[in-house]
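Below: one structure, written as structure tokens.
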Amino acid sequence: PAPSPVSRVGAKIFLSSLGSPLVGRRGLFLILSLVLGTPAWATPFIPERDDQVLEQLRTKPLDPVARELSQLRADLSRTPRDLPKALTLSRRYIEMGRLTADPRYNGYAQAVLAPWWEKPPAEVLLMRATLRQSSHDFKGALADLEQLIKADPRSAQARLTRAVVYQVQGEYALAKQDCASLIQLSTELVTVSCLAGVASLNRQAEQSYRLLARVLKASPQAGLGEKLWATTLLGEIAARQGQAKAAELHFKQAMALGPDAYLLGAYADFLLDQGRPQAVVDLLKDQTRVDGLLLRLVLAEQTLKAPVLATHRADLTARFAASRLRGDTVHQREEARFLLQVLKQPKQALPVAQANWQIQREPADTYLLLAAALAAGDKTAAQPALTWLQEVRTEDKQLAVLVKALGSGK
């Protein structure tokens with residue numbers, strides 16, 4: 001059959017799929033040519049064998065999640081203007097995106113909400129803010145959240161989402177204000193997790209850890225998502241404090257609750273810092289679809305001199321190239337780390353790390369900027385981050401080592 005035209009929304013969804021492994025560089029550039037209208041070859045691509053893999057689907061047809069999503073799509077297709085059904089499906093897509101770190105699910109969610117996207121009711125406005133946050137459009141997300149909170153100051157989800165955006169941007173005072181407002185709007189564990197996450201980066205790591213641990217222990221009836229968030233956060237705070245045994249305990253407890261992509265990345269970083277590359281391989285060997293997790297796997301394989309390293313490194317190179325073609329800034333942290341720690345190209349990594357740090361200022365972003373500046377011999381490039389760290393006083397053992405090295409000029 002003749003191919004149907006690619007709509008603007010469909011093109012965005014299709015382009016977002018290029019972050020996952022396809023069939024190598026040839027397949028990657030062919031798909032780009034189909035979407036962008038730039039022919040890569042004069043003839044259509046035809047698989048060389050009947051068993052040639054073009055794409056590996058995340059779920060199987062009989063998988064319960066796949067069946068649920070299929071049913072929700074079928075229900076919505078019968079009444080495409082049914083807002084409650086659209087919201088249900090888009091929420092499930094966003095949940096899957098968070099669980100798997102697959103950006104395509106956010107594209108699917110946006111496509112579902114397309115009829116209401118430009119003039120959204122409150123429910124869609126919240127979803128739009130969430131999707132903009134996920135794509136690092138923090139300015140757009142904050143504008144949506146401001147509108148929501150102005151209309152309904154008691155919107156707990158809007159307050160929490162804005163606190164997360166502020167925290168990522170390093171606006172800790174503003175984040176704390178939104179977290180504090182949750183005292184009257186949400187559960188104790190959610191409120192304390194929000195506050196502890198911010199305060200642990202802003203002078204109060206030890207106090208945040210103790211408070212969060214106590215509240216988590218006293219919240220046996222909390223939801224699974226709340227427990228997973230709090231337990232992962234405890235692991236991160238302990239790791240930044242250099243408390244390796246406590247960090248490992250919390251990460252393992254979180255893994256037992258049901259790992260998501262964020263937890264896998266945090267735990268893998270901890271294992272890499274502890275000099276345990278084989279444990280990282282064991283943890284991530286089946287997680288190669290997610291760029292950030294594949295990067296950590298490559299770092300472990302690099303230490304172990306694993307035979308598959310060259311293949312995985314080439315795969316990441318192709319993915320970052322595709323990300324740049326899309327104008328995607330979501331993976332700048334990962335690309336800077338790839339250039340610095342895998343390709344050993346600090347001068348190329350530094351501008352990427354600088355651009356990333358202008359968008360988000362979590363400890364990993366600051367670490368990358370300082371490490372790239374140190375490796376490139378450009379102390380001036382590190383100065384904005386060094387000044388900012390003096391102001392916010394983030395307590396992080398690894399950051400402290402880099403700050404000392406940059407200060408001594410070694």
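Since we're looking at a predicted model, the values are computed, not measured.
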Worksheet item: For L160 and C194, what are the C-alpha separation, side-chain angles and deciding distance, and is it a side-chain contact (heavy atoms from CB on, under 4.5 Å)?
Response: CA-CA 8 Å; L160 179 58; C194 185; 3.9 Å; yes
Worksheet item: Can you check side-chain contact (heavy atoms from CB on, under 4.5 Å) on T394 and R203, steps first, answer last?
Response: CA-CA 6 Å; T394 296; R203 302 177 172 88; over 6 Å; no
Worksheet item: How far apart are the C-alpha atoms of R73 and V112, what are their side-chain angles, what is the distance that settles it, and do they pass the side-chain contact (heavy atoms from CB on, under 4.5 Å) test?
Response: CA-CA 9 Å; R73 285 193 299 268; V112 168; over 6 Å; no
Worksheet item: Can you list the steps and then say if E171 with R361 is a salt bridge (charged side-chain N to carboxylate O under 4.0 Å, His left out)?
Response: CA-CA 9 Å; E171 298 287 352; R361 297 184 178 183; over 6 Å; no
Worksheet item: Which is it for V290 and D102 under the side-chain contact (heavy atoms from CB on, under 4.5 Å) test, yes or no, and what are the steps along the way?
Response: CA-CA 7 Å; V290 180; D102 187 335; over 6 Å; no
Worksheet entry | Residue pair K150, E146: steps toward the salt bridge (charged side-chain N to carboxylate O under 4.0 Å, His left out) verdict | CA-CA 6 Å; K150 185 176 181 180; E146 179 67 26; over 6 Å; no
Item to complete: Let me see the working for R240 and E236 under salt bridge (charged side-chain N to carboxylate O under 4.0 Å, His left out), right down to the final yes or no.
Response: CA-CA 6 Å; R240 290 198 298 268; E236 291 179 301; 5.2 Å; no
Discussion item. With ring-ring contact (aromatic ring centres under 6.0 Å, His included) as the criterion, how do F320 and F338 come out once you've worked through the C-alpha distance, each side chain's angles and the decisive distance to 0.1 Å?
Written reply: CA-CA 9 Å; F320 290 133; F338 179 68; 5.3 Å; yes
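Annotation: ring-ring contact (aromatic ring centres under 6.0 Å, His included) contacts involving residues 297-316, sequence neighbours excluded, are absent. Applying the ring-ring contact (aromatic ring centres under 6.0 Å, His included) definition to pairs two or more places apart or across chains, those involving residues 245-276 are Y209-H250, F251-Y267, F251-F270. Within the structure, ring-ring contact (aromatic ring centres under 6.0 Å, His included) pairs that include any residue of residues 277-310 do not occur (at least two apart or interchain).
Nearest heavy-atom pair, Q169 versus L142, reported as atom, atom and distance to 0.1 Å: OE1-CD1, 3.6 Å. Shortest non-hydrogen contact noted between L316 and D291 is CD2-O, 3.9 Å. When all heavy atoms of S219 and V215 are compared, the closest pair comes out as OG-O, 2.6 Å. Here the closest non-hydrogen pair linking L189 and A230 is CD1-CB, 3.9 Å. I149 approaches A158 most closely through the heavy-atom pair CG1-CB, 3.8 Å. Smallest separation of non-hydrogen atoms from P80 and W116: O-CH2, 3.7 Å.
With respect to R132 and D144, a salt bridge is recorded, a charged nitrogen being found less than 4.0 Å from a carboxylate O. Ion pairing between a basic and an acidic side chain is recognised when a charged N comes within 4.0 Å of a carboxylate O; E248 and R276 show such pairing. Contact check on R91 versus E95 returns no salt bridge, with no Lys/Arg side-chain nitrogen under 4.0 Å from an Asp/Glu carboxylate oxygen. Salt bridge annotation for D269-R337: present, with a cationic side-chain nitrogen under 4.0 angstrom from a carboxylate oxygen.
Remark: the backbone N or O of D178 is paired with a side-chain donor or acceptor of S181 at under 3.5 angstrom. Between the side chain of S323 and the backbone N or O of R319 there is no donor-acceptor pair closer than 3.5 Å. For R333 (side chain) and A353 (main-chain N/O), no donor-acceptor pair under 3.5 Å exists by modelled atom type. With S200 contributing its side chain and I237 its backbone, the two residues share no donor-acceptor pair below 3.5 Å. Looking only at distances, no side-chain donor or acceptor of R98 sits under 3.5 Å from a matching main-chain atom of I94. At least one donor-acceptor pair under 3.5 Å links the side chain of S77 to the backbone N or O of A74. No side-chain donor-acceptor contact under 3.5 Å links R313 to the backbone of Q302. Proximity of a side-chain donor or acceptor of E395 to a complementary backbone N or O of A205 within less than 3.5 Å is detected. With Q348 contributing its side chain and L339 its backbone, the two residues share no donor-acceptor pair below 3.5 Å.
At a cut-off of 3.5 Å, with distance as the only test, a side-chain donor of Q157 or T161 sits close to an acceptor on the other residue. Between the side chains of E226 and T187, at least one donor-acceptor pair of N or O atoms lies under 3.5 Å. A donor-acceptor contact closer than 3.5 angstrom links the side chains of Q278 and D282. Q133 and D137 share no donor-acceptor pair across their side chains, judged by distance under 3.5 Å alone.
The structure places CG of L263 at 9.0 Å from CG of L257, a figure rounded to the nearest 0.5 Å. Note that CG of L113 is 8.0 Å distant from CD of Q110, once rounded to the nearest 0.5 Å. Interatomic distance, NZ of K347 versus CG of L340, reported as 13.5 Å (0.5 Å rounding). Atom CG of residue L131 and atom OG of residue S90 lie 7.5 Å apart, to the nearest 0.5 angstrom. In this structure, the separation between CG on L264 and CG on L297 is 11.5 Å, given to the nearest 0.5 Å. The line from CD of Q184 to OG1 of T191 is 9.0 Å long, rounded to the nearest 0.5 Å.
For E68, the side-chain contact (heavy atoms from CB on, under 4.5 Å) partners at least two apart in sequence or on another chain are L72, R92. With sequence neighbours excluded, the residues satisfying ring-ring contact (aromatic ring centres under 6.0 Å, His included) with F138 are H136.
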Scan the side chains in residues 366-375 for donor-acceptor partners under 3.5 Å anywhere in the protein, sequence neighbours excluded, and list what turns up.
{"from": "T366", "atom 1": "OG1", "to": "W357", "atom 2": "NE1", "distance (Å)": "3.1"}
{"from": "T366", "atom 1": "OG1", "to": "E362", "atom 2": "O", "distance (Å)": "3.4"}

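You'll find the side chain of N106 stays beyond 4.5 Å of the side chain of S135, heavy atoms only.
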